[in-house]
Amino acid sequence: MTVSSPAAPDRLRLLHGDDRPLQELRELRAGPATVLLDGVDLRYLRIGATELVRRIYTAVRDVDWDTVPGAVSNLTVTEGSGGFRVEFDARHVRSEIDFSWHGVITGDESGRLEVLFDGRAERICPYNRIGICVHHPWRETAGARFTARTPEGEIEGTFPDLIGPQRFENGVYHALFPAFDRLEIELRDGGRVLLELEGDLWETEDHRNWTDANFKTYSTPLSRGRPTPLQAGQPLRQRLVVTPLDVPARVVASGPVRLTLGPPTGTRVPPVGLGQDRDRHRPQERERELLAALAPEHLRVELRLGTEAWRDALAAAQDVARAAGCLLEVSLHLLAEHAGTLAEVAAALADGPAVARVLVINADSRTATPAETTQSDLVDLARDGLATALPGAAFLGGTEIYFTELNRTRPRLERWDGVCYSISPQIHAFTDVDVMENLDAQAETVRSARALAAGKPVVVSPITLRRRVNFHAAGDPPPTPPGELPDSVDVRQSALFGAAWTAGSLAYVAAAGASAVTYYETTGWRGVLERASGSELSERFRSAPGEAFPLYHPLADAGEWRGAEVLACSSTDVLVAVGLAVRTADGAARLLVANLTPVEREIVAGPLDGRLGLRRLNESTAAAAAADPAAFRAASEPAVTAGELRLRLAPYEVVRIDPAAP
């Protein structure tokens with residue numbers, strides 16, 4: 001998956017939102033092993049088709065758990081017979097952090113890798129994490145046996161299948177098992193991988209909690225509490241050695257990526273809604289037309305009863321819901337002391353569009369506290385106050401934060417109609433490769449949530465490309481500097497990348513059995529279409545006034561297929577292409593395919609037979625899809641197949657495949 005092709009700025013902006021170069025990954029070989037060099041990180045250490053390690057990198061995280069990126073200099077890469085050497089310097093500077101380090105990465109003819117990290121604080125550095133981290137691929141690691149050497153002796157265990165909680169007890173976080181300096185993991189397809197660590201103790205957590213598609217081994221145990229600040233000039237040195245042991249060289253499948261349609265999964269395409277714009281924007285005529293054509297099932301509105309602002313928020317949301325012809329999903333931020341306000345809320349809701357569900361959120365929710373999930377009596381309070389005015393509405397509890405919180409502080413939900421939580425793919429990693437890589441972990445959160453909820457409905461609300469707020473910040477966030485985009489905005493929202501990511505997300509949450517899903521907002525730089533007034537910062541967030549963003553179209557497809565039976569759709573390479581396959585009420589199989597990479601890919605999908613109609617969303621059609629979504633969606637190109645359909649997909653292309661109209 002090496003990416004190195006140059007592209008013009010306009011093309012880059014269409015592909016991934018701005019004119020920065022596409023991510024360049026360089027393959028290096030260490031004996032029987034291959035690994036991709038991404039800047040100064042290593043990705044996808046493999047022997048044949050067996051993935052041993054997903055990523056090795058150095059993390060620098062400040063006291064709010066924000067990642068502080070590093071500026072790399074003096075990078076040299078030397079390749080020899082059977083091995084390689086990478087050497088560089090890096091410096092991380094932001095706010096209170098100023099940390100520099102020298103790195104050396106080597107791979108030898110046996111497949112053994114060594115990473116040396118030699119750093120120092122340039123001034124006093126308060127921090128939460130600085131050091132080497134390792135990601136273990138979740139598919140190869142979940143359920144795997146391990147042996148670890150701890151200060152108290154050797155331990156054995158098994159990585160969890162369902163997502164393992166990150167416990168928080170006595171003021172500190174706890175890992176899956178005690179801290180160690182040596183970890184050996186048995187691989188699913190045979191052999192083992194050995195990690196030996198020096199300079200600190202390491203811990204391992206289940207990164208799927210935050211929809212990262214891996215287990216993570218990190219330095220400086222969280223169980224020690226927050227680290228003492230580094231003093232000016234204080235050194236920090238670490239060493240990691242990764243050794244493959246008896247790993248069979250399974251043959252790498254050649255040829256195109258294959259998507260194979262299978263039997264029904266037992267799930268259906270969930271109702272899909274949108275979130276209210278956080279500035280409570282009321283759409284203009286064209287925006288209303290596009291929202292109505294998209295036909296979301298619901299509009300999510302947050303009612304925070306601790307302030308009078310809930311009234312304006314609700315009035316604006318009711319106006320938008322009427323324009324879109326949809327229901328409301330109410331995220332009700334509630335405390336017991338707000339009981340007297342519920343009669344007013346009920347009256348206001350009764351005068352507007354019908355309410356599909358009420359997500360009851362503890363108004364004092366904060367991560368790693370007992371209030372991070374909803375107390376059972378709050379759901380009872382909301383139901384008692386609102387149910388008469390909202391016939392047919394479901395009442396759920398859970399968290400407005402991530403699956404992490406739901407998994408850690410598991411609520412009493414016997415009297416609830418279901419559970420809820422939110423998803424963002426960018427809690428820990430942010431590049432194009434990272435965001436696409438983490439897609440399949442969304443299904444893992446739904447699978448684990450369904451087990452936790454004992455079969456009750458699971459609602460994911462909302463799913464956003466960027467985090468809405470920093471739930472882990474120690475204090476209030478700093479104001480956004482003039483000319484900069486807010487932290488909650490991702491320029492890929494208006495790019496083809498966003499469409500491919502959204503199609504992948506829909507595929508995973510639908511197949512896993514989510515009962516309802518909310519995506520993004522309605523308009524603007526967090527929405528599905530640009531406002532008639534255009535982008536607020538057009539030089540930073542590129543879009544045309546009134547256009548439909550590419551991600552509008554996979555959401556519209558899911559809306560058209562609401563309630564359809566989801567079919568299994570396996571991919572021979574989930575990092576390259578995924579598909580959402582359904583069987584609609586007419587008995588026809590339909591398919592949405594996404595190329596998750598910035599290069600052209602050949603895909604084979606089947607079994608598919610007969611005359612088909614294809615609708616392609618790519619660089620050639622994006623302008624038409626943005627300017628006239630209805631005309632774009634009505635058009636198709638013909639195809640005929642007998643068993644398999646072979647396609648060449650452009651970068652981040654999304655293709656819808658339907659039986660041809662008679």
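Reckoned from all heavy atoms, side chains included, excluding hydrogens, waters and symmetry mates.
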### Task
Can you see which heavy atom on Leu406 is nearest to which on Gly398, and at what distance?
CD1-CA, 3.9 Å
### Query
Parallel, tilted or perpendicular for Trp501 and Tyr520, by the 30°/60° rule?
tilted
### Thr267 side chain vs Val566 backbone, donor-acceptor pair below 3.5 Å
no
### Query
Residues in salt bridge (charged side-chain N to carboxylate O under 4.0 Å, His left out) with Arg583, at least two apart?
Glu565
### Contact check, side chains of Leu291 and Leu299, non-hydrogen atoms, under 4.5 Å
no
### Task
Under the salt bridge (charged side-chain N to carboxylate O under 4.0 Å, His left out) rule, collect the residues that match up with Arg611, sequence neighbours excluded.
none
### Query
Have Arg300 and Thr518 got a donor and an acceptor in their side chains that come within less than 3.5 Å?
no
## Note on the structure
Contacts of Arg268 meeting side-chain hydrogen bond (donor to acceptor under 3.5 Å, both in side chains) (sequence neighbours excluded), chain-then-number -> none
### Side-chain donor or acceptor of Gln426 paired with backbone N/O of Leu465 under 3.5 Å
yes
### Query
Where is the tightest heavy-atom contact between Ala564 and Val582, given as atom of each residue plus distance?
CB-CB, 4.0 Å
### Summary
CG (Leu359) and OG1 (Thr399) are apart, to the nearest 0.5 Å, by 11.0 Å
### Query
With distance as the sole test, does Ser494 use its side chain to make a donor-acceptor pair with the main-chain N or O of Phe549 at under 3.5 Å?
no
### Query
Taking it one step at a time, do Phe430 and Arg466 satisfy side chain to side chain contact (heavy atoms under 4.5 Å, CB included)?
CA-CA 9 Å; Phe430 314 97; Arg466 286 283 293 173; 3.4 Å; yes
### Query
Any luck finding a side-chain donor-acceptor pair between Gln23 and Thr431 under 3.5 Å?
yes
### Any donor-acceptor pair under 3.5 Å from Arg542 side chain to Ser538 backbone
yes
### Task
Would you give the length of the straight line joining atom CZ of Arg208 to atom CZ of Phe403, rounded to the nearest 0.5 angstrom?
9.0 Å
Side chains of residues 505-515: which donor-acceptor partners sit under 3.5 Å, not counting sequence neighbours?
| from | atom 1 | to | atom 2 | distance (Å) |
| --- | --- | --- | --- | --- |
| Ser505 | OG | Gln442 | OE1 | 2.7 |
| Ser505 | OG | Tyr519 | OH | 2.7 |
| Ser515 | OG | Val458 | N | 3.3 |

### Query
Mind checking whether Val257 and Arg601 have side chains closer than 4.5 Å, heavy atoms only?
no
### Task
List the steps, then state whether side chain to side chain contact (heavy atoms under 4.5 Å, CB included) holds for Leu647 with Leu614.
CA-CA 10 Å; Leu647 296 170; Leu614 312 182; 3.7 Å; yes
### Task
Count the heavy atoms of every other residue, nucleotide or ligand shown that sit under 6.0 Å from CZ of Arg61, and state whether that count exceeds 12.
yes
### Message
Donor-acceptor pair, distance only, cut-off 3.5 Å: does the side chain of Gln276 make one with the backbone of Ala313?
### Response
yes
### Query
Does the pair Asp277/Arg526 count as a salt bridge with the N-to-O cut at 4.0 Å?
no
### Message
Could you tell me if Trp65 and Asn470 have a donor-acceptor pair between their side chains, going purely by distance under 3.5 Å?
### Response
no
### Task
Kindly determine whether Asp161 and Arg447 satisfy salt bridge (Lys or Arg N to Asp or Glu O under 4.0 Å), including the steps that lead there.
CA-CA 10 Å; Asp161 175 28; Arg447 183 172 72 96; 3.0 Å; yes
### Query
Val654 and Ala594: which non-hydrogen atoms are nearest, and at how many Å?
CG2-CB, 4.3 Å
### Task
Look at the side chain of Thr445 and the backbone N and O of Thr211, then say whether any donor-acceptor pair between them is shorter than 3.5 Å.
no
### Summary
On a heavy-atom basis, the closest approach of Val655 and Leu649 is CG2-CD2, 3.4 Å
### Query
Does the pair Arg615 and Asp658 meet the rule for a salt bridge (Lys or Arg N to Asp or Glu O under 4.0 Å), with working shown?
CA-CA 9 Å; Arg615 196 198 63 222; Asp658 293 283; 5.9 Å; no
### Message
Ignoring hydrogens, what is the shortest heavy-atom contact between Arg467 and Ser424? Give both atom names and the distance.
### Response
N-OG, 3.3 Å
### Message
Any carboxylate oxygen within less than 4.0 angstrom of a Lys/Arg side-chain nitrogen, looking at Glu521 and Arg468?
### Response
no
### Donor-acceptor pair, side chain of Asp573 and main chain of Ala577, under 3.5 angstrom
no
### Task
Mind checking the CG-CG spacing from Asp212 to Asn438? Nearest 0.5 Å is all I need.
4.5 Å
#### Entry: NZ/NE/NH1/NH2 to OD/OE distance under 4.0 Å, Arg280 and Asp319
no
### Query
Is Glu287 salt-bridged to Arg531, going by a charged N under 4.0 Å from an acidic O?
no
### Query
Can you tell me how far OG1 of Thr597 sits from CD of Glu653, rounded to the nearest 0.5 angstrom?
11.0 Å
### Task
With rounding to the nearest 0.5 Å, note down the distance linking CD1 in Ile463 to CD1 in Ile423.
4.5 Å
### Query
Are Leu645 and Ile657 side-chain neighbours, meaning at least one heavy-atom pair lies under 4.5 Å?
yes
### Task
Could you tell me whether the side chain of Arg304 and the main chain of His333 form a donor-acceptor pair under 3.5 Å?
no
### Query
For Ala500 and Leu596, which heavy atoms make the closest approach, and how far apart are they?
O-CD2, 3.9 Å
### Message
I'd like to know if Arg43 and Glu437 make a salt bridge, using a cut-off of under 4.0 Å between side-chain N and carboxylate O.
### Response
yes
### Reported CG-to-CD distance for the pair Leu290 and Glu285, which is rounded to 0.5 angstrom
10.5 Å
#### Entry: Ser571 side chain to Val578 backbone, donor-acceptor under 3.5 Å
no
### Task
Check whether any side-chain heavy atom of Gln318 lies under 4.5 Å from a side-chain heavy atom of Leu328, and answer yes or no.
yes
### Query
Salt-bridged, Arg408 to Glu405, with N to O below 4.0 Å?
yes
### Query
Salt-bridged, Asp434 to Arg54, with N to O below 4.0 Å?
no
### Summary
Taken in chain and number order and not counting sequence neighbours, the residues that satisfy side-chain hydrogen bond (donor to acceptor under 3.5 Å, both in side chains) with Thr621 are Asn618
### Exam field: side chain Ser448 to backbone Ile163, donor-acceptor pair closer than 3.5 Å
yes
### Matching residue for Tyr552 among Asp557, Val528, Leu617 - test: side chain to side chain contact (heavy atoms under 4.5 Å, CB included)
Val528
### Query
After noting the C-alpha distance and the side-chain angles of Ser461 and Glu329, does the key distance pass the side-chain hydrogen bond (donor to acceptor under 3.5 Å, both in side chains) rule?
CA-CA 9 Å; Ser461 181; Glu329 176 181 86; 2.6 Å; yes
### Query
Can Leu15 and Glu619 be said to form a side chain to side chain contact (heavy atoms under 4.5 Å, CB included), step by step?
CA-CA 8 Å; Leu15 288 177; Glu619 296 173 69; 4.0 Å; yes
#### Entry: Sole candidate of Tyr44, Phe215, Tyr57 that passes ring-ring contact (aromatic ring centres under 6.0 Å, His included) when paired with His135
Tyr57
### Query
Arg13: what forms a salt bridge (charged side-chain N to carboxylate O under 4.0 Å, His left out) with it, not counting sequence neighbours?
Asp10, Asp19
